[in-house]
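Reviewing the structure listed below.
The residues of the chain are indexed from 1 along the displayed sequence.
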Amino acid sequence: MASPTAEGLTSEQLAFFNENGYLIIPDALSPETVTGLLDETHKMLDEFSLDDHPMTKFSTGGADGAEHVGDKYFLESGDKIRFFFEEGTCVRQTRRPPKTHPPLHQQNRPLPALLLPALPLHLALPRNAAIARSLRYRDPRVLQSMVICKQPEIGGAVPPHQDSTFLYTDPPSAVGFWYALEDATVRNGCLSFCRGSQRREPIRKRFVRREGGAGTGFIENDGAKFPRDLEREEGGKEEEYTIGEVKAGTLVLIHGNILHKSERNTSGKSRFIYTFHVIEGEERYDERNWLQPPEQGFSRLYSKEVEAS
Ligand SMILES: O=C(O)CCC(=O)C(=O)O
Ligand SMILES: [Fe+2]
């Protein structure tokens, strides 16, 4: 539950988010928290062993998600710390919320692009719950937290996508909480956003587990969907992307229907970020989604009972 003092979004911030599909909140993390997360991340990277790693890559692109298809290591990543390598090297790692974590790492070999930090930020920061409340979540559930370690010079691009493609509820309800742990610039592959596309672009495809253990892939979404209560806009616009350069410690909220992307890191500076996604627990979480909940269900960002009392 959010502490009574935690501030949610102002009406201006909410209006910006609803209009544009993203919101940049500078100084959301203290410099000490950022340093702590980075230290934790580097520790995991240092301790990560390649010996028993299946050398799995992680990708939001590709016509059929073929790069990590059918991979147990990927499919079971929901509640474990897992590392995935990017093209050419790198790893990503995903883990489902709370819990404590083990370690990982390596250097001078494929570099992890993405891993999961020890600090369960979604729970540790009461403000996340306050923000979810501002976004009118009734029963926000947290899933798939990860650290994306966009490494210097080799950090890969993330092609344009909508997060609800991957974390589908009916109707869509996902919002990404994306925290910069280092300054993100055009040169090291910051985010960019197709402003307002959440109002124009339904979720047309979905990333799912294929039947019979045949891995993962994209399928057409029946009746391409918009979230409930979303003010829609007809007609396509030129796909222009707005650059989102941010300082370390900034929180970026990302609407599940907005098209967003990031470019390769061509600089000598890394771009580490921590992110998790929230969905509405009262909407139907699709049983075909690649990521399935643990037995106890996805973690609550706050409890309905407590909220109601
Ligand atoms: O950090 C990036 O480059 C992309 C992250 C992203 O797409 C997300 O968190 O939804
Ligand atoms: Fe995304």
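- Between Leu37 and Leu29, some side-chain heavy-atom pair lies under the 4.5 Å cut-off.
- Taking both residues in full, the closest heavy atoms of Gly8 and Gln13 are given as O-OE1, 4.2 Å, listed atom of the first, atom of the second, then distance.
- A donor-acceptor pair under 3.5 Å is absent between the side-chain atoms of Ser192 and the main chain of Ser262, judged by distance alone.
- Minimum interatomic distance between Ile258 and Ser197 (heavy atoms only, all atoms of both residues): CG1-OG, 3.3 Å.
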- Task: Apply side chain to side chain contact (heavy atoms under 4.5 Å, CB included) to Arg200 and Arg232, showing your working.
- Result: CA-CA 6 Å; Arg200 304 188 291 273; Arg232 286 177 225 165; over 6 Å; no

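- Residues Arg195 and Asn20 bring a donor and an acceptor atom of their side chains to less than 3.5 Å of each other.
- Judged by distance alone, the side chain of Thr169 and the main-chain N or O of Pro171 form a donor-acceptor pair under 3.5 Å.
- Using bins of under 30°, 30° to 60° and over 60° for the plane-to-plane angle, the ring pair His42/Phe272 lands in the parallel bin.
- For the pair Asn289 and Arg206, the minimum side-chain heavy-atom distance is below 4.5 Å.
- Between Lys261 and Glu263 there is a salt bridge, since at least one side-chain N of the basic residue sits less than 4.0 Å from a carboxylate O of the acidic one.
- Legend: residues meeting ring pair (Phe, Tyr, Trp, His ring centres under 6.0 Å) with Tyr241, ordered by chain and number and at least two apart, are absent.
- In terms of modelled atom types and a separation under 3.5 Å, the side chain of Thr165 and the main chain of His161 share no donor-acceptor contact.
- The pair Lys205-Glu220 does not count as a salt bridge, with every side-chain nitrogen at least 4.0 angstrom from each carboxylate oxygen.
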- Take Phe298 and Tyr285 through the side chain to side chain contact (heavy atoms under 4.5 Å, CB included) test and state the conclusion after the steps. CA-CA 10 Å; Phe298 291 123; Tyr285 187 80; 3.7 Å; yes

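- Checked against side chain to side chain contact (heavy atoms under 4.5 Å, CB included), Asn265 has the following partners two or more places apart in sequence or in another chain: Lys150, Asn188, Ser267.
- Ala157 and Pro159 get closest at one heavy-atom pair: O-CD, 3.7 Å.
- Contact annotation: the side chain of Leu291 approaches that of Leu143 to within less than 4.5 Å [non-hydrogen atoms, C-beta and beyond].
- If you take CZ on Arg288 and OH on Tyr168, they are separated by 9.0 Å, rounding to the nearest 0.5 Å.
- A side-chain N or O of Asp163 and one of His260 form a donor-acceptor pair less than 3.5 Å apart.
- To the nearest 0.5 Å, atom CG of residue Leu23 and atom CG of residue Leu253 are 5.0 Å apart.
- The CZ atom of Arg138 sits 9.0 Å away from the OG atom of Ser173 when rounded to the nearest 0.5 Å.
- No donor-acceptor distance shorter than 3.5 angstrom exists from the side chain of Asn257 to the backbone of Pro227, with no hydrogens or angles considered.
- Contact check for Asn18 versus Glu231: no side-chain heavy atoms found under the 4.5 Å cut-off.
- Under the ring pair (Phe, Tyr, Trp, His ring centres under 6.0 Å) criterion, Phe177 pairs with Phe276, not counting sequence neighbours.
- Counting only heavy atoms from C-beta outward, the side chains of Leu230 and Gln198 approach each other to under 4.5 Å.
- A donor-acceptor contact under 3.5 angstrom links the side chains of Asn128 and Tyr179, judged on distance only.
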- Show your reasoning for whether side chain to side chain contact (heavy atoms under 4.5 Å, CB included) applies to Leu135 and Leu14. CA-CA 8 Å; Leu135 295 173; Leu14 193 57; 3.9 Å; yes

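- Hydrophobic cluster membership differs between Leu259 and Ile254, with clusters built from Ile, Leu, Val, Met, Phe, Trp and Tyr side chains linked at under 4.5 angstrom.
- Remark: the backbone N or O of Pro172 is not paired with any side-chain donor or acceptor of Glu280 at under 3.5 angstrom.
- Remark: side-chain polar atoms of Arg284 are not paired, donor with acceptor, to backbone N or O of Asp170 under 3.5 angstrom.
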- Message: Show, in sequence, the C-alpha distance, side-chain angles and deciding distance for Thr216 and Val208, and conclude whether the side chain to side chain contact (heavy atoms under 4.5 Å, CB included) test is met.
- Response: CA-CA 5 Å; Thr216 52; Val208 297; over 6 Å; no

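- Within a 6.0 Å sphere centred on CG of Asp39, heavy atoms belonging to other residues, nucleotides or ligands number more than 12.
- Looking at Arg133 and Leu301, their side chains never come closer than 4.5 Å, going by heavy atoms from C-beta outward.
- Note that the CZ atom of Arg141 and the CZ atom of Arg300 stand 4.0 Å from one another [nearest 0.5 Å].
- Not a single donor-acceptor pair under 3.5 Å links the side chain of Thr250 to the backbone N or O of Val246.
- Note on Phe16: it clusters hydrophobically with Ile25, by side-chain heavy-atom contacts below 4.5 Å among ILVMFWY residues.
- A donor-acceptor contact shorter than 3.5 Å is absent between the side chain of Arg271 and the backbone of Ala184.
- For Arg209 (side chain) and Trp290 (main-chain N/O), a donor-acceptor pair under 3.5 Å exists by modelled atom type.
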- Message: Test salt bridge (Lys or Arg N to Asp or Glu O under 4.0 Å) on Arg199 and Glu19; report intermediate values, then the result.
- Response: CA-CA 8 Å; Arg199 288 181 284 113; Glu19 172 79 15; 3.8 Å; yes

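- One finds the OG atom of Ser134 at 11.0 Å from the CZ atom of Phe17 (value rounded to the nearest 0.5 Å).
- Distance alone, capped at 3.5 Å, is enough to place a donor-acceptor pair between the Asn221 side chain and the Ile203 backbone.
- Taking the six-membered ring where the residue is Trp, Tyr22 and Phe193 present parallel rings, their angle staying beneath 30° rather than reaching 60°.
- Here the OG1-CD distance, from Thr185 to Glu245, works out to 5.5 Å after rounding to the nearest 0.5 Å.
- Under 4.0 Å is where a charged nitrogen must lie from a carboxylate oxygen, and between Glu153 and Arg264 no such pair does.
- Between Cys190 and Gly244, the shortest heavy-atom contact is CB-O, 3.7 Å.
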